[in-house]
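This report concerns only the one structure given below.
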Amino acid sequence: MVSYETQLEIEQAALALVHSSSVAVLTGAGVSAESGVPTFRASDGLWEGHRIEDVATPEGFGRNPGLVWQFYNARRANVATVEPNPAHTFLAQLENLFPNAFTLITQNVDGLHQLAGSKNVLELHGSLRRTRCTVCEEVRDQFLDPLAEMPTCVLCEGLLRPDIVWFGEMLPQEIWRAAVQATTSCEVFLVVGTSAVVHPASGLIRLARGVGAIVVEANLTLTVASDPAEIGIYGPSGQLLPQVMKRLRELKGMT
Ligand code: OAD
């Protein structure tokens with residue numbers, strides 16, 4: 001049963017969306033939590049038991065590529081067993097309501113947004129599905145097929161690495177520029193399932209607020225993004241966001 005307060009926030013979010021002509025969304029690991037993909041910073045999260053410096057930095061990969069591949073092969077195997085949840089579906093449906101005026105910016109590397117049907121997706125932190133050769137730089141879609149413990153390049157036999165942005169590395173610049181462009185030109189900026197502590201992605205939230213967008217946060221709990229957010233929908237996003245869609249459709253006279 002949804003509280004009266006949450007119902008009000010859902011109503012406000014639907015109203016903001018119905019009056020808007022363009023939407024940008026920033027997602028984080030929380031959007032995939034209900035699919036069974038662990039988040040990073042929960043007590044049983046992905047970093048628990050792993051030092052970030054060991055598994056998510058170029059230096060860690062240089063020291064022990066086998067350990068890093070063990071970590072990413074386990075994540076790939078996990079993602080191969082999961083499916084998009086209703087929060088992913090909500091975002092795919094939302095895109096259909098805003099043709100050519102919708103951008104989904106994600107920090108996630110699991111590809112579940114695309115599986116749910118989202119099309120205009122900017123992957124800020126890369127993808128678990130791709131590898132990059134450390135020698136010839138060739139980027140290859142490996143889907144979620146199992147990889148060797150230390151996979152090598154079919155072109156040059158160089159060691160492959162996951163095509164993921166690690167700590168201390170630059171974001172892909174074209175994707176970042178597109179994310180900034182979408183953020184500065186949207187009327188509603190929806191932030192779903194991110195602790196909003198990793199820069200520069202989290203900076204997009206204040207940027208959106210700064211240009212006058214209505215910021216809507218959907219998360220289990222309050223976060224550092226809650227302050228710039230005007231509307232906050234707190235609870236499991238896979239349960240609550242479909243209610244925003246239901247109300248939005250009613251407001252648009254679609255049901
Ligand atoms: P975090 O693990 O930091 O945060 C997950 C957020 O999701 C938290 O704020 C939770 O409260 C929220 N959450 C959990 N379950 C939820 C649910 N069912 N519905 C709604 N919200 C839920 O993950 P991110 O913010 O994505 O980067 O982390 C950002 C980046 O830090 C990641 O992309 C990764 C990591 O280091 C790299 O690996 C480069």
Side-chain angles (χ1 to χ4, degrees), residues 2 6 9-10 13 25-61 68 71-72 74-76 78-79 82-91 104-113 121-130 132 161-172 175-176 179 190-205 216-229 231-244:
V2 171
T6 305
E9 300 288 324
I10 288 170
V25 183
L26 174 68
T27 65
V31 78
S32 296
E34 286 158 78
S35 293
V37 182
T39 60
F40 291 92
R41 293 175 178 78
S43 57
D44 57 350
L46 264 172
W47 295 144
E48 194 67 10
H50 296 280
R51 285 169 16 123
I52 293 181
E53 312 87 81
D54 288 340
V55 295
T57 63
E59 293 78 18
F61 186 69
V68 174
F71 177 72
Y72 284 97
R75 290 182 65 189
R76 285 167 53 86
N78 166 250
V79 168
V82 305
E83 287 183 357
N85 69 59
H88 296 106
T89 307
F90 162 81
L91 292 170
L104 203 174
I105 306 159
T106 188
Q107 299 166 88
N108 297 347
V109 294
D110 56 30
L112 290 179
H113 286 306
V121 181
L122 300 174
E123 291 179 316
L124 288 182
H125 291 168
S127 170
L128 269 181
R129 292 163 199 253
R130 292 191 306 265
R132 179 150 40 98
R161 58 164 281 177
D163 191 28
I164 301 262
V165 178
W166 284 326
F167 286 91
E169 295 185 316
M170 296 262 288
L171 299 191
I175 291 177
W176 175 247
L190 176 58
V191 187
V192 187
T194 177
S195 57
V197 295
V198 173
H199 291 275
S202 60
L204 294 173
I205 302 164
V216 181
E217 176 174 60
N219 198 300
L220 273 186
T221 59
L222 293 172
T223 70
V224 292
S226 308
D227 176 33
I231 301 171
I233 300 172
Y234 296 106
S237 57
Q239 287 178 34
L240 297 182
L241 290 179
Q243 300 186 38
V244 176

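We count ligands from 1, going down the list as the structure has it; atoms in each ligand are counted the same way. Predicted model only: the values in this text are computed from it and were never measured. Numbering of residues begins at 1 and proceeds along the displayed sequence.
- Within the 4.5 Å cutoff, the side chain of L190 has heavy atoms near those of the F90 side chain.
- Contact of the V224 side chain with the S202 side chain is not registered, since no non-hydrogen atoms from C-beta on lie closer than 4.5 Å.
- Between E123 and R129 there is no salt bridge, since none of the side-chain N atoms of the basic residue sits less than 4.0 Å from a carboxylate O of the acidic one.
- Nearest heavy-atom pair, V109 versus G126, reported as atom, atom and distance to 0.1 Å: CG1-O, 3.4 Å.
- In the vicinity of P236, heavy-atom distances shorter than 4.0 Å reach the ligand 1 atoms 18 (N), 19 (N).
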(message) Under the criterion side chain to side chain contact (heavy atoms under 4.5 Å, CB included), I'd like the reasoning laid out for T194 against N219: C-alpha separation, chi angles, the key distance, then a yes or no.
(response) CA-CA 7 Å; T194 177; N219 198 300; 5.6 Å; no

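- Listed by atom number, the atoms of ligand 1 under 4.0 Å from G28 heavy atoms are 26 (O).
- Closest heavy-atom approach to atom 39 (C) of ligand 1 within the set V165, I52, T194: this belongs to V165.
- In this structure, N108 contributes its side chain and D110 its backbone to no donor-acceptor pair below 3.5 Å.
- The side chain to side chain contact (heavy atoms under 4.5 Å, CB included) test with W176 singles out one residue from L124, I105, L122, and that residue is L124.
- In terms of protein heavy atoms, atom 6 (C) of ligand 1 is closest to G193 O, 3.4 Å.
- Counting protein heavy atoms only, atom 13 (N) of ligand 1 is closest to G30 CA, 3.6 Å.
- In R41, the parts holding a heavy atom less than 4.0 Å from any atom of ligand 1 are both the side chain and the backbone.
- Here the heavy atom of the protein found nearest to atom 26 (O) of ligand 1 is A29 N, 2.7 Å.
- Proximity to A33 (heavy-atom distance under 4.0 Å) selects the following atoms of ligand 1: 15 (N).
- Protein heavy atom closest to atom 38 (O) of ligand 1, with residue, atom name and distance, is W47 CZ2, 4.1 Å.
- Among protein heavy atoms, the minimum distance from atom 27 (O) of ligand 1 is reached at H125 ND1, 3.4 Å.
- Using a 4.5 Å heavy-atom cutoff, the side chains of T6 and Q243 are not in contact.
- Of all protein heavy atoms, the one closest to atom 36 (O) of ligand 1 is F167 CZ, 3.0 Å.
- Between V31 and H113, some side-chain heavy-atom pair lies under the 4.5 Å cut-off.
- With contacts defined as side-chain heavy-atom distances shorter than 4.5 Å, the pair F71/L46 qualifies.
- In terms of protein heavy-atom proximity, atom 18 (N) of ligand 1 is closest to E34 OE2, 2.7 Å.
- Residue N219 holds the heavy atom nearest to atom 10 (C) of ligand 1 of all those in L220, N219, L241.
- Taking a cut-off of under 4.0 Å to the non-hydrogen atoms of T221, the atoms of ligand 1 that pass are 11 (O).
- Contact check on E169 versus R161 returns a salt bridge, with a Lys/Arg side-chain nitrogen under 4.0 Å from an Asp/Glu carboxylate oxygen.
- Counting only non-hydrogen atoms, the option in A87, S195, S237 that gets closest to atom 3 (O) of ligand 1 is S195.
- In terms of protein heavy-atom proximity, atom 29 (C) of ligand 1 is nearest to Q107 OE1, 3.3 Å.
- Residue I164 does not touch ligand 1, judged by heavy-atom distances below 4.0 Å.
- Considering backbone and side-chain N/O of F40, one or more are found under 3.5 Å from N/O of ligand 1.
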